[in-house]
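Note that these values count all heavy atoms, side chains included, but never hydrogens, waters or copies made by symmetry. We name chains A, B, ... by the order of the sequence lines, and we start the count at 1 in each one. What you see is a predicted model, and the numbers here were worked out from it, not measured in a lab.
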Protein chains: 2
Amino acid sequence: MTAEPNLGLLCFFPYRALEGRVLAALAEAGFDDLTVAQGRIAARVGESGTRLTELAEQAQVTKQTAGFLVDQLERAGYVHRVPDPTDGRARLVCFGERGRAAVAVARRVEAEVEAEWTAHLGEETTRALREALTRLREVTDPWR
Amino acid sequence: MTAEPNLGLLCFFPYRALEGRVLAALAEAGFDDLTVAQGRIAARVGESGTRLTELAEQAQVTKQTAGFLVDQLERAGYVHRVPDPTDGRARLVCFGERGRAAVAVARRVEAEVEAEWTAHLGEETTRALREALTRLREVTDPWR
DNA sequence: ACAGTATCGTCAGAGAGGCTGACCATCGTC
DNA sequence: GACGATGGTCAGCCTCTCTGACGATACTGT
């Protein structure tokens, strides 16, 4: 462990750093009731709404857990559920006003952090990093 | 979210994939009582022993949580605590027989996965990826 | 030497996150 | 229309993680 870290662990540091920065910024912006787990679910809600099952699969938790977290997000006013017009069983989790506002903050911080990283690594290296990670996703992300 | 993922999220996929693979392999090799949280602590135990506080800081949990997890690792026979000869307050968490065996399995799987990734990306890209991530660590890892 | 402070670790209590199993409603298909 | 598959919920349980308080040892300055 103290030797040279493997690629997976090396990937972990930036991820954790970004997540921490985003969550801290959200808290500072008044969205201080968001937890890490809620954020991981919320981050996967699409503009046109997303099914609970899909959220669960992408976040790699059971649908029960996802439902539990969406309940909280709903109670806190970030999202709401609407019936899926194409499937009577399903409901779509959609962002509300507050959710959209939080997403805007998150997006801004993500861009900030990425700019810092680019400043540290240089334009070209960052581009290559993104390219490599995107290709690596093909074999590490079961979701597309 | 469904647009182009940010660098942090792109980093997440390989990390999660590796962690899952290692944990699955450990379970298959008979170390099926290891949990993710325990693994994250154990992964930070050095050959010559590591203090609880240090484990907690690196894993970014409180020392109470780290202590809780080390208790379990100790009960399961992976690690044991020895007094720190240089500090009467401290104790060092060290690997035992079983812990070392599990580490060996983990190392093997890490190498396997990295080989797969290298096969997918190519030697040169992988080398550049590691280089970029290592430099990125300088600004994203509070621990060296 | 000793008073004060910092650090290492533990105990106790509480809450959040996550799982398995069981279940109902609806969809899609034969 | 019967039946397996899918979307989601309810209930119960366990693990993880935190805050707060505390004892013990180390370090620092006078």
Please identify each residue that fulfils side chain to side chain contact (heavy atoms under 4.5 Å, CB included) with B:Q38, with sequence neighbours left out. B:L34, B:T35, B:L69, B:Q72, B:L73
Nearest-angstrom distance from the residue atom CG of B:L52 to C1' of D:dT17: 14 Å
Got a sec: does the CD of A:Q60 have more than 12 other heavy atoms crowding it under 6.0 Å? yes
Distance below 4.0 Å between A:T35 side-chain N/O and C:dG17 OP1 or OP2: yes
Go through it in stages, so that I can follow the logic: the residues are A:L129 and B:L129, the test is side-chain contact (heavy atoms from CB on, under 4.5 Å), and I'd like the CA-CA distance, side-chain angles, deciding distance and then a yes or no. CA-CA 6 Å; A:L129 174 62; B:L129 174 62; 3.4 Å; yes
Which atoms of nucleotides 24-27 of chain D (N or O only) lie under 3.5 Å from a protein N or O atom, and what are those distances?
residue, atom, partner, partner atom, Å
D:dA26, OP1, B:G88, N, 2.8
D:dA26, O4', B:R89, NE, 3.4

The side chain of B:R51 is closest to which nucleotide in this list: D:dG8, C:dC11, C:dG9? C:dG9
Can you figure out which of D:dT17, C:dC11, C:dG17 approaches the side chain of A:Q38 most closely? C:dG17
Per the atom types in the model, does the base of D:dG7 pair as donor or acceptor with the side chain of A:E54 at under 3.5 Å? no
Quick check against the 3.5 Å criterion: does A:R137 have a side-chain atom that pairs as donor or acceptor with the backbone of B:L10? no
Can you tell me if A:Q72 touches the phosphate of C:dG17, counting only side-chain N or O atoms and a distance under 4.0 Å to OP1 or OP2? yes
Check: B:E19 side chain, B:V36 main-chain N or O, donor-acceptor pair, under 3.5 Å: no
d(CZ, A:R91; C1', D:dT6) in whole Å: 16 Å
Separation of B:F68 atom CZ from C:dA12 atom P, in whole Å? 14 Å
N or O in side chain of B:T65 less than 4.0 angstrom from D:dC18 OP1/OP2: yes
Quickly work out the B:Q64 CD to C:dA14 P distance and round it to whole Å. 16 Å
Whole angstrom value for the distance that separates P of D:dT17 from CG of B:D71: 14 Å
Ignoring backbone atoms, test whether B:T53 places a side-chain nitrogen or oxygen under 4.0 Å from the OP1 or OP2 oxygen of C:dG9. yes
Please indicate whether B:E116 has more than 12 foreign heavy atoms, meaning atoms of other residues, nucleotides or ligands, lying under 6.0 Å from its CD. yes
From the set C:dG9, C:dT20, D:dG7, return the single nucleotide nearest to any side-chain atom of A:A90. D:dG7
Rounded interatomic separation in angstrom, taking CD from B:E57 and P from D:dC18: 13 Å
So, OP1 or OP2 of C:dC8: does either fall under 4.0 Å of a side-chain N or O from B:R81? no
Could you tell me whether the side chain of A:R98 and the main chain of A:A76 form a donor-acceptor pair under 3.5 Å? yes
Distance in angstrom units between A:Q58 CD and D:dG7 P, rounded: 13 Å
Return the value, rounded to whole Å, for the distance between atom CG of B:D33 and atom P of D:dC16. 11 Å
If you check the B:A37 side chain, which of C:dG18, D:dG20, D:dT17 turns out closest? D:dT17
Please say yes or no: joined through hydrophobic side-chain contacts below 4.5 Å, possibly via intermediate residues, are B:Y78 and B:L92 part of one cluster? no
If you pin B:L69 and B:K63 to their nearest nucleotides in DNA chain D, which one's is more 5'? B:L69
Ignoring hydrogens and angles, does a donor from either the side chain of A:Q60 or the base of C:dG18 sit under 3.5 Å from an acceptor on the other? no
